[in-house]
**Q** 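Okay, handing you the structure first.
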Amino acid sequence: MKVVIIGGVAGGATAAARIRRLDEQAEIVVFERSGYISYANCGLPYFIGDVITQRSALTLQTPESFFSRFRVDMRVRHEVTAIHPDRKAVSVKNLETGEEFEECYDKLILSPGAKPTQPRLPGAGLSRLFTLRTVEDTFRIKNYIQANHPRSAVLAGGGFISLELAENLRELGMEVTIVQRPRQLMNPFDPDMAAFIHSEMRRNGVRLALGHTVEGFEERDGGVDVLLKDEAPLHADMVVLAIGVTPDTALAKDAGLELGLKGSIVVNDRMETSAPHIYAVGDAVQVKHYVTGNDAVISLAGPANKQGRIAADNICGGDSRYLGSQGSSVIKVFSMTAASTGINETNAKKAGLSVDKVILSPMSHAGYYPGGKVMTMKVVFEKETCRLLGAQIVGYEGVDKRIDVLATAIHAGMKATQLKDLDLAYAPPFSSAKDPVNMAGFMIDNISRGVLKQWFLEDVPALPRDGSVTLLDARTPAEFSRGHIEDFVNIPVDELRERLDELDQGKPVYVICQSGLRSYIAARILEGSGFEAYNFAGGFRFYDAVTNDRVLIQQATACGMDQ
């Protein structure tokens with residue numbers, strides 16, 4: 001059996017190694033257009049920022065090491081120019097010699113990945129305009145920085161690559177501005193959770209121009225003007241386009257393979273394309289979202305590796321199935337960690353789901369053990385069934401641990417109420433006896449039982465201010481004096497029982513505290529005393545962070561820049 005693989009890196013290289021482990025006699029040929037067959041995509045920004053200092057550290061395998069271990073014929077700097085499904089062959093061009101030839105196959109795996117999205121804008125070909133996707137892109141940016149010592153950069157786009165690159169360029173001492181059309185960074189997060197990411201970026205000197213549309217680029221004064229719609233241009237010494245990626249599927253299209261979202265390759269759960277004997281894996285394929293069941297394109301290394309293994313299993317006579325992509329991800333944002341899994345509230349509503357949520361601010365470990373830090377968790381679930389839909393966490397220590405637990409719970413089909421039953425490891429330096437994941441489960445269980453009734457940030461503008469409801473802040477007077485929502489009265493939770501006569505029992509009470517815990521206790525006191533009480537999800541800390549972020553974005557829209 002002869003297997004030809006187009007593209008290395010995550011999916012293609014994984015498939016090649018797996019085929020060899022399953023079939024010692026198979027002939028395996030990999031054609032890779034770049035000079036690298038297996039490299040650490042996710043490490044590229046950190047090489048630019050000198051966190052990773054050795055070029056060799058980016059290369060996971062070389063053609064020589066891969067051949068030595070797996071006897072796979074790795075041909076770098078070879079571009080496949082056409083696929084011929086009718087005669088089971090591909091046309092190939094050696095980019096170093098110009099030689100063109102055909103290679104036949106019994107089975108073909110497409111792993112072309114995705115390419116940086118490059119809109120057709122005036123000035124898109126300028127020498128100071130970069131993209132970051134391959135090792136060659138990385139070296140190009142690194143060499144430019146070392147040779148020209150730029151002092152400023154504009155990054156167009158607010159996803160993973162842009163945030164990681166922004167951090168690394170700041171560490172090099174550069175002024176960095178991120179500009180993009182959406183009014184938030186990191187679309188896997190809801191806008192309220194993205195507010196914490198925005199705050200960390202601003203705290204570290206990254207300027208945000210959110211809600212602005214890039215219309216082109218012009219060279220000026222030895223740098224680049226980024227032209228914005230209805231705004232003054234942004235000037236920088238260099239610009240990086242990081243507005244997303246597009247499946248690189250021209251070969252598949254020309255070969256007549258069925259395409260789906262964003263031109264991605266349609267595959268079944270065995271990673272088989274619409275053409276016999278041809279498989280596809282990685283960033284170029286359309287998958288099913290594990291939570292919604294809808295078609296999706298999810299460009300992450302984890303799914304690409306799994307898909308490569310599944311394609312290899314099936315080529316070698318097995319029956320492996322890809323169950324769908326959940327979109328679990330984590331990112332370092334300076335000293336902060338942000339992670340998500342499943343779907344967020346925004347996309348759940350777009351999918352027509354009836355959703356509820358809990359927002360909590362637990363400590364990373366036991367409060368009495370030194371060094372604990374607050375994290376903000378948002379867990380989204382289906383109202384009627386309590387089906388767990390997704391989660392987002394922003395914080396410091398322990399964020400990655402909790403998102404992985406929640407991702408596993410979603411994959412296992414657990415209800416959100418069952419999070420309270422998970423038996424999770426505890427010691428004071430690592431967690432609390434009631435782990436943050438358990439705490440989310442307790443809250444959702446209380447909601448399902450009617451013990452906890454909530455009100456949310458989006459309800460604030462519509463709160464009656466005519467005296468028909470009671471607005472109660474259960475924090476201490478000192479906390480209240482440092483900031484509160486207008487028209488709220490302050491009765492600390494520890495004084496509430498003695499001061500119930502100050503409240504009208506015939507009016508619903510909307511309660512808030514700093515994090516949501518004391519206001520929950522206050523709500524239980526009120527409910528137990530004949531009141532109807534609602535607890536604010538997230539607490540004043542959450543309210544303050546999100547509303548301040550919205551003000552800054554609005555001011556930036558009005559005056560042209562977010563400081």
**Q** How far apart are the C-alpha atoms of Gln392 and Asp190, what are their side-chain angles, what is the distance that settles it, and do they pass the side-chain contact (heavy atoms from CB on, under 4.5 Å) test?
**A** CA-CA 8 Å; Gln392 302 151 62; Asp190 287 311; 2.9 Å; yes
**Q** For Glu397, give me all partners under salt bridge (Lys or Arg N to Asp or Glu O under 4.0 Å), at least two apart in sequence or on another chain.
**A**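 So Glu397 forms no salt bridge (Lys or Arg N to Asp or Glu O under 4.0 Å) with any residue.
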**Q** May I ask you to test the Met377-Ile359 pair for a side-chain heavy-atom distance under 4.5 Å?
**A**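 No. Closest side-chain heavy atoms not under 4.5 Å.
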**Q** What are the two closest heavy atoms between Leu500 and Ser529, and how far apart are they?
**A**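 Scanning both residues, the minimum pair turns out to be CD1-OG, 3.5 Å.
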**Q** Strictly distance-based, threshold 3.5 Å: is any side-chain N or O of Thr408 a donor or acceptor partner for the main-chain N or O of Asp404?
**A**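 Flag set: sc Thr408 to bb Asp404 pair under 3.5 Å.
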**Q** Taking all non-hydrogen atoms of both residues, which atom of Leu471 and which atom of Pro464 are closest, and how far apart?
**A**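 Answer, listing the atom of Leu471 first, then Pro464: CD1-O, 4.2 Å.
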**Q** What's the separation between atom CD1 in Ile331 and atom CD in Glu167, rounded to the nearest 0.5 Å?
**A**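 Here the interatomic distance stands at 8.5 Å.
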**Q** I'd like to know whether CG of Asp501 has more than 12 heavy-atom contacts from other residues, nucleotides or ligands below 6.0 angstrom.
**A**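 Enclosed: over 12 neighbouring heavy atoms sit under 6.0 Å from CG of Asp501.
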**Q** What pair of heavy atoms forms the shortest contact from Val355 to Ala348, and how long is it?
**A**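 Smallest heavy-atom distance, with atoms named: CG1-CB, 3.5 Å.
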**Q** Any side-chain heavy atom of Val358 within less than 4.5 Å of one from Phe381?
**A**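 Touching, per the 4.5 Å side-chain cut-off.
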**Q** If every non-hydrogen atom of Gly113 is compared with every non-hydrogen atom of Ala284, which pair is closest and at what distance?
**A**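 Result for this residue pair: O-CB, 3.5 Å.
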**Q** When rounded to the nearest 0.5 angstrom, what distance separates CG in Asp192 from OG1 in Thr376?
**A**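 Interatomic distance, Asp192 CG to Thr376 OG1, rounded to 0.5 Å: 10.0 Å.
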**Q** Return the OG1 to CD distance between Thr470 and Glu532, rounded to the nearest 0.5 Å.
**A**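 Spacing of OG1 (Thr470) from CD (Glu532) equals 11.0 Å.
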**Q** What are the two closest heavy atoms between Ser325 and Ile298, and how far apart are they?
**A**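 Minimum heavy-atom separation between Ser325 and Ile298: CB-CD1, 3.5 Å.
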**Q** Ring centres under 6.0 Å, that's the criterion: do His411 and Tyr290 meet it?
**A**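 Ring centroids of His411 and Tyr290 are less than 6.0 Å from each other.
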**Q** Give a yes or no on whether Lys434 atom NZ has more than 12 heavy-atom contacts from other residues, nucleotides or ligands under 6.0 Å away.
**A**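 Result for NZ/Lys434: open.
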**Q** Between Ser320 and Arg18, is any side-chain donor less than 3.5 angstrom from a side-chain acceptor?
**A**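 There is no such pair between these side chains.
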**Q** Yes or no on side chain to side chain donor-acceptor pair (under 3.5 Å) for Thr341 and Ser328, after CA distance, side-chain angles and deciding distance?
**A** CA-CA 4 Å; Thr341 187; Ser328 301; 2.7 Å; yes
**Q** If you count every heavy atom of other residues, nucleotides or ligands that lies below 6.0 Å from Arg21 atom CZ, does the total exceed 12?
**A**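 Enclosed: over 12 neighbouring heavy atoms sit under 6.0 Å from CZ of Arg21.
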**Q** What verdict does the side chain to side chain donor-acceptor pair (under 3.5 Å) test give for Glu200 and Ser335, after you've listed the backbone C-alpha separation in whole Å, the side-chain angles of each residue and the deciding distance to 0.1 Å?
**A** CA-CA 8 Å; Glu200 181 71 1; Ser335 60; 2.9 Å; yes
**Q** Using the side-chain contact (heavy atoms from CB on, under 4.5 Å) rule, take Val489 and Leu472 through it: C-alpha gap first, then chi angles, then the decisive distance, then the call.
**A** CA-CA 5 Å; Val489 296; Leu472 177 63; 4.1 Å; yes
**Q** Is the closest side-chain heavy-atom distance between Ile109 and Ile315 below 4.5 Å?
**A**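 Yes; the side chains approach each other to less than 4.5 Å.
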**Q** Could you walk me through whether Lys332 and Glu164 pass salt bridge (Lys or Arg N to Asp or Glu O under 4.0 Å), step by step?
**A** CA-CA 7 Å; Lys332 178 181 180 293; Glu164 290 168 345; over 6 Å; no
**Q** Whether the side chain of His365 engages the backbone of Lys373 through a donor-acceptor N/O pair (distance < 3.5 Å, no angle test) should be reported.
**A**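 Such a contact is absent between His365 side chain and Lys373 backbone.
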**Q** Show the numbers, then the answer: is there a side-chain contact (heavy atoms from CB on, under 4.5 Å) between Val509 and Val469?
**A** CA-CA 6 Å; Val509 185; Val469 301; over 6 Å; no
**Q** Would you call Val451 and Tyr520 a side-chain contact if the rule is heavy atoms closer than 4.5 Å?
**A**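 Contact flag for Val451/Tyr520 side chains = yes.
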**Q** Under the salt bridge (Lys or Arg N to Asp or Glu O under 4.0 Å) criterion, do Glu479 and Arg541 qualify, and how do the steps go?
**A** CA-CA 11 Å; Glu479 290 173 306; Arg541 170 183 171 272; over 6 Å; no
**Q** Are the side chains of Leu496 and Leu503 in touch, meaning some heavy atoms are under 4.5 Å apart?
**A**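 Contact flag for Leu496/Leu503 side chains = yes.
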**Q** Classify the ring geometry of Tyr543 against Phe536: parallel below 30°, tilted from 30° to 60°, perpendicular beyond 60°.
**A**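 Perpendicular.
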**Q** Within a 6.0 Å radius of atom NZ on Lys420, are there more than 12 heavy atoms belonging to other residues, nucleotides or ligands?
**A**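 More than 12 within 6.0 Å, yes.
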**Q** Of all heavy-atom pairs between Leu360 and Ala440, which one has the smallest distance, and what is that distance?
**A**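 Heavy atoms only, the tightest pair is CD1-N, 3.9 Å.
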**Q** Could you give me the CA-CA distance, side-chain angles and deciding distance for Phe480 and His484, then say whether ring-ring contact (aromatic ring centres under 6.0 Å, His included) is met?
**A** CA-CA 6 Å; Phe480 186 80; His484 57 268; 3.8 Å; yes
**Q** Quick check: do Ile310 and Arg321 have side-chain heavy atoms less than 4.5 Å from each other?
**A**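 The answer is no, as the side chains (C-beta and beyond) never meet within the 4.5 Å cut-off.
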**Q** Under 3.5 Å, which donor-acceptor pairs do the side chains of residues 424-432 form with other protein atoms, sequence neighbours left out?
**A**
from   : atom 1 : to     : atom 2 : distance (Å)
Tyr426 : OH     : Tyr368 : OH     : 3.0
Ser431 : OG     : Arg402 : NH2    : 3.1
Ser431 : OG     : Asp435 : OD1    : 2.7

**Q** Heavy-atom count check: over 12 atoms from other residues, nucleotides or ligands less than 6.0 Å from Arg465 CZ?
**A**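 Yes, the 6.0 Å shell around CZ holds more than 12 heavy atoms from other groups.
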**Q** Is Ser264 close to Val285 at the side-chain level, that is, under 4.5 Å between some pair of heavy atoms?
**A**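 Side chain of Val285 against side chain of Ser264, heavy atoms only: no contact under 4.5 Å found.
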**Q** Would Arg475 count as a cation-pi partner of Phe540, with NZ or CZ less than 6.0 Å from the six-membered ring centre and within 45° of the ring normal?
**A**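 Yes, Arg475 and Phe540 form such a contact.
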**Q** Mind checking whether Met375 and Pro362 have side chains closer than 4.5 Å, heavy atoms only?
**A**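 Yes, their side chains come closer than 4.5 Å.
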**Q** Using modelled atom types and a 3.5 Å cut-off, is there a donor and acceptor pairing between side-chain atoms of Thr14 and backbone atoms of Gly11?
**A**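 Here the side-chain-to-backbone pair does not exist.
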**Q** Determine, step by step, whether Asn535 and Ser519 satisfy the side chain to side chain donor-acceptor pair (under 3.5 Å) criterion, reporting the C-alpha distance in whole Å, the side-chain angles of both residues, the deciding distance to 0.1 Å, and the verdict.
**A** CA-CA 6 Å; Asn535 185 33; Ser519 51; 2.4 Å; yes
**Q** What's the separation between atom CZ in Arg449 and atom CG in Asn446, rounded to the nearest 0.5 Å?
**A**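 Arg449 CZ to Asn446 CG: 8.0 Å, rounded to 0.5 Å.
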**Q** Supply the atom-to-atom distance Gln286 CD to Ile265 CD1, rounded to the nearest 0.5 angstrom.
**A**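 Those atoms lie 10.5 Å apart.
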**Q** Got a sec: does the CD of Glu498 have more than 12 other heavy atoms crowding it under 6.0 Å?
**A**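 Yes, CD of Glu498 has more than 12 neighbouring heavy atoms, counting only those of other groups under 6.0 Å.
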**Q** Answer yes or no: is there a donor N or O on one side and an acceptor on the other, between the side chain of Trp455 and the main chain of Val460, under 3.5 Å?
**A**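 No; zero donor-acceptor contacts below 3.5 Å.
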**Q** Count the heavy atoms of every other residue, nucleotide or ligand shown that sit under 6.0 Å from NZ of Lys350, and state whether that count exceeds 12.
**A**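 No, the 6.0 Å shell around NZ holds no more than 12 heavy atoms from other groups.
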**Q** Out of curiosity, Ile393 CD1 to Phe189 CZ, how far, rounded to the nearest 0.5 Å?
**A**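 One finds 9.0 Å between CD1 of Ile393 and CZ of Phe189.
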**Q** Crowded around Tyr369 OH? As in, over 12 foreign heavy atoms under 6.0 Å?
**A**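 No, OH of Tyr369 has 12 or fewer neighbouring heavy atoms, counting only those of other groups under 6.0 Å.
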**Q** Kindly indicate, with the supporting measurements, whether the criterion side-chain contact (heavy atoms from CB on, under 4.5 Å) is fulfilled by Arg170 and Val206.
**A** CA-CA 8 Å; Arg170 282 295 296 153; Val206 177; 3.7 Å; yes
**Q** Given Asp549, which of Gln554, Gln184, Arg202 fulfils the side-chain hydrogen bond (donor to acceptor under 3.5 Å, both in side chains) condition?
**A**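 Considering Gln554, Gln184, Arg202, a side-chain hydrogen bond (donor to acceptor under 3.5 Å, both in side chains) with Asp549 is found only for Arg202.
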**Q** For Glu458 and Lys357, what are the C-alpha separation, side-chain angles and deciding distance, and is it a salt bridge (Lys or Arg N to Asp or Glu O under 4.0 Å)?
**A** CA-CA 13 Å; Glu458 56 267 29; Lys357 62 196 173 190; 2.8 Å; yes
